[in-house]
Amino acid sequence: MIYVVFLRLVFVAIMFSFSTLHAALVDDVLKQGYGVRPLGMGGAFTSVADDEWSLYWNPAGLAGKGFSYVYQDHDQRNTFTSVFETKSVYLGPFAWSNITRTNLNGGSIEVNHYGFGRRSRNGVDWGVGYKNVSDYSTGMLGWTSDLGLLAHILPNVDVGFVAQDILKDRVNTAASARLGLSMFMPERSFIVAAEGEYLSGGQLYPHVGIEWEVAPGLALRGGLFRSKPSMGASMVLPILGDVEYAAISNYQDSGETVHMFGYRIGVAKRRQYRRPITMISQEEVVEIALGGNMIAGKTEVSLLGGSKEGADDLLQLLRAAVDEPSVKGIVIRVESMGQGMGMLALVQEFRQEILRARANGKKVVAFLDGWNTLPEFYLASAADRIVIPELGMISHLGVMLQTYKLAGLQDLLGVRPQIIFHGKHKVALFDSTDISDESKLQLKTVLESLYHIVVDDVRQDRGERLSSQPAQIFGGQFISAKESLKMGLVDRLGFYEVARDEMKSLLNKEPAYLKAEYLKEFELQFDQMGPTTILSAFNRIAIIEIDGPIVDGESGENILFGGKSVGSETIVQQIKQAADDIGVRAVILRVNSPGGSAIASQEVLEALRKLKDRHKPVVVSMGNMAASGGYMVSAEADRIIANPATFTGSIGVVSVFPYQADLLRKLKIDTLTLKEGDSMDATAGTRRFTPEERQLLQSILDETYDKFVEIVSNGRKISKADLADVAQGQIFTGTQALELKLVDELGNFQTAVNVAEALAHIDTGKSQLMYYRTSPGLFSNLGGQAAAWFGNNIRMMLSLEPEIKFSAL
């Protein structure tokens, strides 16, 4: 809807424009153009149009993301003017420029130029421009407007067309048109462009230009501006920004040279590889790396932890590759994912996209790099072909749960927690002594469920290529690359180039390769930039992420060490925004959470209830874990989608209170307690609970537990009696949860999108996904975050956590 608002503003501005302007005074600006970079290229910029100067040369080039501020002096030596300055602000897809020009004879004008561009999926972008012109020598005002188109014929060939000054009032200047063609190298390091400029009355001017980035941050330009030689250069200065220069010889047939200078700060879009959606598709293969620093949920950046790619963001990239018609194949470099069982659910998300790609006729090759365990091989098994280096290895093809009992360490330190809980299995992973046989059996069923899910999937994917029985493969043993080939686990030995050879063999041709990150800048922007059509402005699906432990207050990220938490206030505000947005038809709650605060979880659930009262369906998409509080916020959704390996359930309550009196004695620390109120020191950790205090705490947890069960009973339409056996704090896989009716369907995020579209009565594939995310300040609570990180890890080790929580693990 934002571009509709822009057009309305343009309309208002038109209504208030009046008077008549003198053509000679404005033609130099409206027809000669402005922008140091385009003029250095001879003005052959209509088909190049990839930065803020698209505002004049072709507003269709404003489509996309980026921002910049530019100041430029277009007659630095005052050869023709006493003042000729421009100031521009670009905030994709909008731009504004202020141009002031005062001739040596005293004539002065000011132009405020506004523009908007929009990228489309059919390969033709469009844009509009509006210019408000003020003639200070006469005190008169006027306006004029432009329309631009930019057609991406091939990934390295663009055609641009712009009609300038086609609608106007009180501006006595001729309408004109430009038609240009440009060709460029990958990453636009070398551009050649040519175009013709046509003025009403039959005048035709040629423009030719080149741009060559001879070194990173240094670009040279040259061309012919209306047959007059031009040249230019720019340099990117570290931190400071871009400095640009251009000159045109024999400017306006005067025999003189005009010199231009500019300064620019912001995102240099033109330095990025511009992979457009083209009219004539070129067959491509996308290369993507999965694993490494991958974490559940969204991407995370910290000063000491570095950048960790979020699985949700990588899934977007993979979905874009699967949906892009020009992509005929995908090569996946599978990097280490760790051996955590929670990773298997995320792997299933990627596997389902890989299988969807193959169902759509695309070829997929997986490259296993180095030492690979179950998550890496499980992911690769969904591909058409698997390649591994000759000295690579596959091991630990099985599932295992290992927990440490800290009773001995706690006794040594003099710390032993007091645990209050409801749900006989809830305490299994919190108790520092031992796990009951019944809880061990329940956890064993979870492992068996995971094991059979993985084995069945691999047997289906690899089929007759497997030459060994599952017991020989999935026993956790070490398997060399050569033995893996004999057993049918992989298809070929070799390095990454061999994986490319396999793709060439599958496609029967040498394809063009494309890095997945290029998709992030271009295809994925359609999810965030707004609707592709007027009607799809009302076909939005809001994506709200419960990504991390649920806490009271605002969401936060540890910018020093990494880690994140989900604040109830932040999520409630996002839910309210989705409820108030008339364009949002449904909400997908993306849950990757082990639980957290009971009160915060219920606060989020209450906001979701109000959202449903607005007749907007809620669909839950469970990632690696949606347990305890993560399950509570999901329970009343219209539909719950889980991966087969998702950990969910854990319907129970636990609270762990510190008791460190023995530690204080060992440290020779005496305590003095003065109190008014017998129970004031109950949670101070210096004494044990009295029976009455323990009973009171137990009653509070029982009340919380009863509320939890009531929520699940009402949301899932299961009687409390039937919930008695499954609401004892135990966790389940998604497959088990489906059998117990705790979830509705097995599938990945795309499944949730399809379900949300159906519930909102949106045609399949016609919705626009809107991610609701917040970004923490760069220096927000840095010291506090660090202290919290250390404190939380110590508390986790010693079980010093005096709060009622829905915590799964």
Side-chain angles (χ1 to χ4, degrees), residues 296 340-349 351-352 374-375 378 398-401 403 423-429 435-460 470 474 591-595 619-637 639-652 708-709 711-713 715-748 751-752 755 806-809:
M341 290 189 299
M343 187 62 67
L344 294 181
L346 298 181
V347 168
Q348 288 178 336
E349 296 263 7
R351 281 175 48 84
Q352 291 185 60
L374 181 62
Y378 187 32
V399 294
M400 179 183 72
L401 172 64
T403 180
K424 59 186 177 182
H425 299 293
K426 190 70 179 182
V427 75
L429 299 179
I435 299 178
S436 68
D437 291 339
E438 190 175 2
S439 292
K440 289 178 183 177
L441 179 61
Q442 193 275 324
L443 290 172
K444 182 66 174 176
T445 62
V446 172
L447 295 182
E448 290 175 351
S449 177
L450 283 175
Y451 182 83
H452 290 299
I453 289 169
V454 173
V455 171
D456 291 344
D457 285 345
V458 172
R459 290 177 65 178
Q460 182 175 348
F474 293 92
V591 184
N592 288 289
S593 175
V619 177
V620 168
S621 169
M622 293 181 171
N624 64 327
M625 178 177 290
S628 278
Y631 184 77
M632 180 185 183
V633 299
S634 308
E636 295 187 2
R639 199 73 61 84
I640 301 177
I641 313 298
N643 292 288
T646 296
F647 287 143
T648 189
S650 193
I651 304 169
F708 196 171
V709 172
I711 289 168
V712 176
S713 177
R716 302 306 303 158
K717 304 297 185 293
I718 304 174
S719 70
K720 292 182 179 180
D722 291 338
L723 279 174
D725 290 335
V726 299
Q728 296 299 322
Q730 63 270 53
I731 59 172
F732 305 103
T733 64
T735 299
Q736 292 174 313
L738 180 64
E739 296 173 355
L740 297 171
K741 300 182 180 179
L742 295 180
V743 304
D744 297 292
E745 187 176 344
L746 298 181
N748 64 351
T751 307
V755 170
F806 294 148
S807 185
L809 295 175

- Note on the structure: Between Ser634 and Val620 the two heavy atoms that sit nearest each other are OG-CG1, 3.6 Å
- Message: If you compare all heavy atoms of Val446 against all heavy atoms of Phe732, which two are closest, and at what distance to 0.1 Å?
- Response: CG2-CA, 4.4 Å
- Query: Any Lys/Arg nitrogen of Arg716 or Asp744 sitting under 4.0 Å from an Asp/Glu carboxylate oxygen of the other?
  - Reply: yes
- Reported CD1-to-CD1 distance for the pair Ile711 and Ile651, which is rounded to 0.5 angstrom: 10.5 Å
- Message: Heavy-atom count check: over 12 atoms from other residues, nucleotides or ligands less than 6.0 Å from Glu448 CD?
- Response: yes
- Note on the structure: Here the gap from Ser449 atom OG to Gln736 atom CD, rounded to the nearest 0.5 Å, amounts to 4.0 Å
- Message: Checking side chain to side chain contact (heavy atoms under 4.5 Å, CB included) between Met622 and each of Asn643, Val743, Ile641, which is the one that passes?
- Response: Val743
- Nearest-0.5 Å distance, CG of residue Leu723 to NZ of residue Lys741: 11.0 Å
- Between Ser628 and Pro594 the two heavy atoms that sit nearest each other are CB-O, 3.7 Å
- Taking all non-hydrogen atoms of both residues, which atom of Tyr378 and which atom of Arg351 are closest, and how far apart? O-NH1, 2.9 Å
- Task: Under the side-chain contact (heavy atoms from CB on, under 4.5 Å) rule, what do Thr648 and Leu742 come out as? Steps first, then yes or no, please.
- Result: CA-CA 9 Å; Thr648 189; Leu742 295 180; 5.6 Å; no
- Note on the structure: On a heavy-atom basis, the closest approach of Ala645 and Leu450 is CB-CD2, 3.5 Å
